[in-house]
Amino acid sequence: MKAKLDVVLTATIDHCFKEGLLLRQTLPKYVIEIPNNPDHGHFATNLALVLAKSQKKPPREIANIILNNLIDNQNLIASAEIAGPGFINVMIKSQQWYNILSEIIRLKKQFGRTELGKGQKIVVEFVSANPTGPLHLGHGRGAALGDTLCRILSNCGYDVTREFYINDAGQQIRILGESIYSTFKQINNPDYPFPQNGYHADYIYELAQTVSQMADLDNLPAEESINLCAQKGKELMLNDIKKDLERFRVKFHTWSSEKDIHNNGLLEKTLEALEKKELIYKSDGALWIKTANYGDDKDRVLRKKDGQFTYFASDIAYHLEKRKRGFTGAINLWGADHHGYVPRIQSVLASHGIPENWLSVMLIQLVKLWKGSCEFKMSKRSGHFVTLLELIEEVGIDAARFVFLTKSHDSGLDFDIDMVKKQDSTNPVYYVQYAHARICSIFRKAALEGILMEDNPDNFLGNLVLDEELALIRALAGFPSLLDDICLNLEPHRLTYYLTSVASMFHKYFNLGAKVQEHRIINKDIQLTLARLFLIDGIRTVLSSGLDLLGISAPQKM
RNA sequence: GCGCCUGUAGCUCAGCUGGAUAGAGCGCCGGGCUUCGAACCCGUAGGCCGCAGGUUCGAAUCCUGCCAGGCGCGCCA
């Protein structure tokens, strides 16, 4: 609808240029927005305000010229007026809104699908937890945000690949092996030394139990046992991670392994290519890459003096490989503690002529845990953390996802454990789900009363004349463009606010019937009843689609 | 010291990318079920949008400088 109105405005301005009513110029940026205050119309535009300077006329005068020359071929506009300093407030004809509701009812869950990303192939890398321990709350936030973003991108026509990058090549896997092995040895020998920086936690003990049943750790050479513990521990951990993610309704298409990059020669090939581009050099016995020329603070080491590759080296290979796989765009969801790596990796991409906007990095600020007024410090090494699994067992998947998804990713998140535990019926997710269940219940009631739904809504919708009804239709109409906005700005959290607001409008509307018989959805006037049933059917469709995109269930009863 | 993020109601957070009277949930106080689901609705109280300048018709939003908090600045992973 906004787009249709924009057509009207540009046609009008064009007309004014031709007639010499306005000086010909390129249009400055203006907005068409939905005003907070319903008195300001369905849409408001600042077009006249932004034109004032270059036209050298007062904004209200320009607004007047525009309104006197409106080219409204599609017959959208019911009325339009000038307000305040020069806003143009526009009311759209009710019939236009009925048409949209009719479309929602016809399209059902297809409504809201858009083609914004048509032809674009993007890879979204998220979670990417080290397989050295179970997923904790921070991973949960990344998982919920990444998964929902992927769902919305797919909905909007993007071809999305969900990817988990496994850091399975470094020192931390070695430490995992040592921790498991030492824990095993300590069962019979409490004095057996434990590695410095080792992981102290219950899950290590469980891994030690499992691995010791798979192999005779006591009679193998220590080194061999440690390798085995590392290998098996990693596999078991990764399995757990996959299981937890699936439980959390998060799926991946590809699991990309850092170790593979080392083993399959990709790293060497990448180095050769960098060499050809004269991007690397040797210094102090180490191998360096010139990132400083492309926006980084300084050059970085690829291979250390001791011959080991840095984490950054495989990261470069990984990202350049992603580019080669033909993606038109890439999105990484990283913990905010990795923000220092953004200019680093961007500079490597820049050195290959890859534009900066090819890779978007969403930095997810840390989740801080509180217990009452005390901060609950999490650490894998100390074994002191709250796992994702514990959270979903405590509050349920729907509630957990909703909490993560109501926060913007770049704002830190304080999570009070005690609050979360009691967030059963006070969690806002139930508010949205309740609206859906309530609508389903009304349809059950209607069926009991023998009301038969008609196929074609168009003969009935004209009965919807209450402000609340028209406001609801307008809110539903904004669903597709909201989803597009979310894709363009990478802001999945906005969907939760939208759904909460639609649910709120519905609950208010429903409650009108408590006081006034005629305002009930099922009432004595069958024509009106059918119209209202069509309306709430449309609401149900949008709520259900929206909840799907959040990975949250839309219950028929609760 | 440098860089990124944050600072909005008692608490947790939104604020549609510069718009008109700044919002929600929770919490507090009060009201509403003999008929469509009270997991709901209605009302009251609660704000120097961290502070100070600047940009303009117009600033929570953009710019500069401070203040406070978080996180990073390795030939660690």
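Stacking of Tyr434(A) onto the six-membered ring of C40(B) is not present when judged by under 5.5 angstrom between centres and under 30° between planes. By the 5.5 angstrom centroid cut-off and the 30-degree plane limit, Tyr497(A) is classified as not stacked against the base of A24(B).
Of the P atoms belonging to C2(B) and C62(B), the separation is 22 Å, rounded to the nearest Å. On the C1' atoms, A9(B) is 12 Å away from G25(B), given to the nearest whole Å. Atom name C1', nucleotides G3(B) and A39(B): the rounded distance is 46 Å, in whole Å. Taking atom C1' in both U44(B) and G31(B), one finds a spacing of 11 Å when rounded to whole Å. Distance noted for atom C1' between C40(B) and A22(B): 26 Å (whole Å). Rounded to whole Å, the separation between the P atoms of A52(B) and U8(B) comes to 16 Å. With P as the reference atom, A68(B) and C75(B) are 31 Å apart, rounded to whole Å. For the P atom pair drawn from U61(B) and G70(B), the interatomic distance equals 24 Å after rounding to whole Å.
For the pair Ala52(A) and Ile62(A), the tightest heavy-atom approach, listed with the atom from each and the gap, is CA-CD1, 3.6 Å.
With a cut-off of 3.5 Å on both Watson-Crick or G-U wobble distances, the partner of C62(B) is given as G54(B). If you check C29(B) for Watson-Crick or wobble pairing at under 3.5 angstrom, you find it paired to G43(B). Of the nucleotides present, U12(B) is the one that pairs with A24(B) by Watson-Crick or G-U wobble criteria, both distances under 3.5 Å. Partner assigned to G72(B) is C2(B), using Watson-Crick or G-U wobble distances below 3.5 angstrom.
For the pair Asn36(A) CG and G15(B) C1', the computed distance is 9 Å after rounding to whole Å. Atom pair Leu490(A):CG and C16(B):C1' shows a separation of 16 Å (rounding to whole Å applied). In this entry the distance linking CG of Leu49(A) with P of U56(B) reads 16 Å, nearest Å. To the nearest angstrom, C1' of G23(B) lies 11 Å from NZ of Lys508(A). The nearest whole Å value for the distance from the CG atom in Leu302(A) to the C1' atom in C75(B) is 11 Å. As rounded to whole Å, 14 Å separates atom C1' of U35(B) from atom CG of Leu448(A). One interatomic measurement links the two molecules: CZ of Phe404(A) to C1' of G25(B), which rounds to 17 Å at whole-angstrom precision. Arg520(A) places its CZ atom 11 Å from the C1' atom of C33(B), with the value rounded to the nearest Å.
For Tyr431(A), whose side chain is taken as the heavy atoms from C-beta onward, the closest listed nucleotide among G15(B), A20(B), C41(B) is C41(B). Listed nucleotides: G70(B), G25(B), A20(B). Nearest to the side chain of Phe87(A): A20(B). You'll find that the side chain of Ile442(A) is closest to C36(B), out of C36(B), A77(B), G19(B). With C41(B), A77(B), G19(B) as the candidates, the nucleotide lying closest to the side chain of Asn511(A) is C41(B). In this structure, the nucleotide among A39(B), C76(B), U17(B) sitting nearest to the side chain of Tyr430(A) is A39(B). Taking only side-chain atoms of Arg494(A), from C-beta outward, the nucleotide of G15(B), A77(B), A20(B) with the closest atom is G15(B). In this structure, the nucleotide among C75(B), G19(B), A77(B) sitting nearest to the side chain of Pro85(A) is G19(B). Picking from G19(B), C41(B), A77(B) the nucleotide with the shortest atom distance to the side chain of His338(A) gives A77(B).
Asp284(A) comes within contact range of at least one nucleobase, with a heavy-atom separation under 4.0 Å. As judged by a 4.0 angstrom heavy-atom cut-off over every strand, Leu413(A) is placed among residues touching the sugar-phosphate backbone only. Among the atoms of the strands shown, none is found under 4.0 Å from any heavy atom of Thr496(A). Residue contacts for Asn167(A): at a heavy-atom cut-off of 4.0 Å it reaches no nucleic acid atom on any strand shown. Here Gly412(A) lies in heavy-atom contact (under 4.0 Å) with sugar-phosphate atoms only. Residue contacts for Ala446(A): at a heavy-atom cut-off of 4.0 Å it reaches no nucleic acid atom on any strand shown. Within 4.0 Å of Gln433(A), counting heavy atoms only, lies no atom of the nucleic acid at all. Base contact: Ser441(A) has a heavy atom under 4.0 Å from a base atom. Note on Arg444(A): a base of the nucleic acid sits closer than 4.0 angstrom, heavy atoms only. Among the atoms of the strands shown, only primed sugar atoms or phosphate atoms (P, OP1, OP2) are found under 4.0 Å from some heavy atom of His507(A). Across all strands, Lys298(A) comes closer than 4.0 Å only to sugar-phosphate atoms, never to a base (heavy-atom distances). Residue contacts shown for Ala44(A) include a base, since a base heavy atom lies under 4.0 Å away. Within 4.0 Å (heavy atoms only), Asn46(A) reaches at least one base atom of the nucleic acid. Here Gln556(A) lies in heavy-atom contact (under 4.0 Å) with a base.
Distance CD1/Ile226(A) to OG/Ser179(A): 10.0 Å, rounded to 0.5 Å. Note that CG of Leu495(A) is 6.5 Å distant from CG of Leu483(A), once rounded to the nearest 0.5 Å.
Ile166(A) is not listed as a side-chain neighbour of Glu258(A), based on a closest heavy-atom distance of 4.5 Å or more. By the 4.5 Å heavy-atom criterion applied to side chains, Gln172(A) and Tyr199(A) are counted as neighbours. Inter-residue side-chain proximity for Ile522(A) and Ile442(A) is flagged as met; some heavy-atom pair is nearer than 4.5 Å. Looking at Phe443(A) and Ile536(A), their side chains come closer than 4.5 Å, going by heavy atoms from C-beta outward. A 4.5 Å side-chain heavy-atom check between Pro35(A) and Phe87(A) finds every atom pair outside the cut-off.
Toward the 5′ end of RNA chain B lies the nearest nucleotide of Ala437(A), the other residue of the pair Ala437(A) and Asp337(A) mapping further downstream. Nearer to the 5' terminus of RNA chain B, by closest-nucleotide assignment, is the contact made by Ser504(A) (compared with the other of Ser504(A) and Glu258(A)).
For Tyr341(A) against C76(B), a side-chain-to-base donor-acceptor contact under 3.5 Å is present. Contact of Asn37(A) with U21(B) (side chain to base): a donor-acceptor pair of N or O atoms is detected under 3.5 Å. Side-chain atoms of Asn89(A) come within donor-acceptor range of the base of A20(B), with a qualifying N/O pair under 3.5 Å. Within 3.5 Å, a donor on the side chain of His339(A) pairs with an acceptor on the base of G3(B), or the reverse.
Side chains of Asp6(A) and Tyr30(A): a donor on one and an acceptor on the other come within 3.5 Å. Inspection of the Asn332(A) and His319(A) side chains reveals an N or O donor paired with an N or O acceptor under 3.5 Å.
Side-chain N/O atoms of His40(A) include none lying less than 4.0 angstrom from OP1 or OP2 on G19(B).
For U61(B), the base is anti relative to its sugar; the glycosidic angle deviates from 0 by more than 90°.
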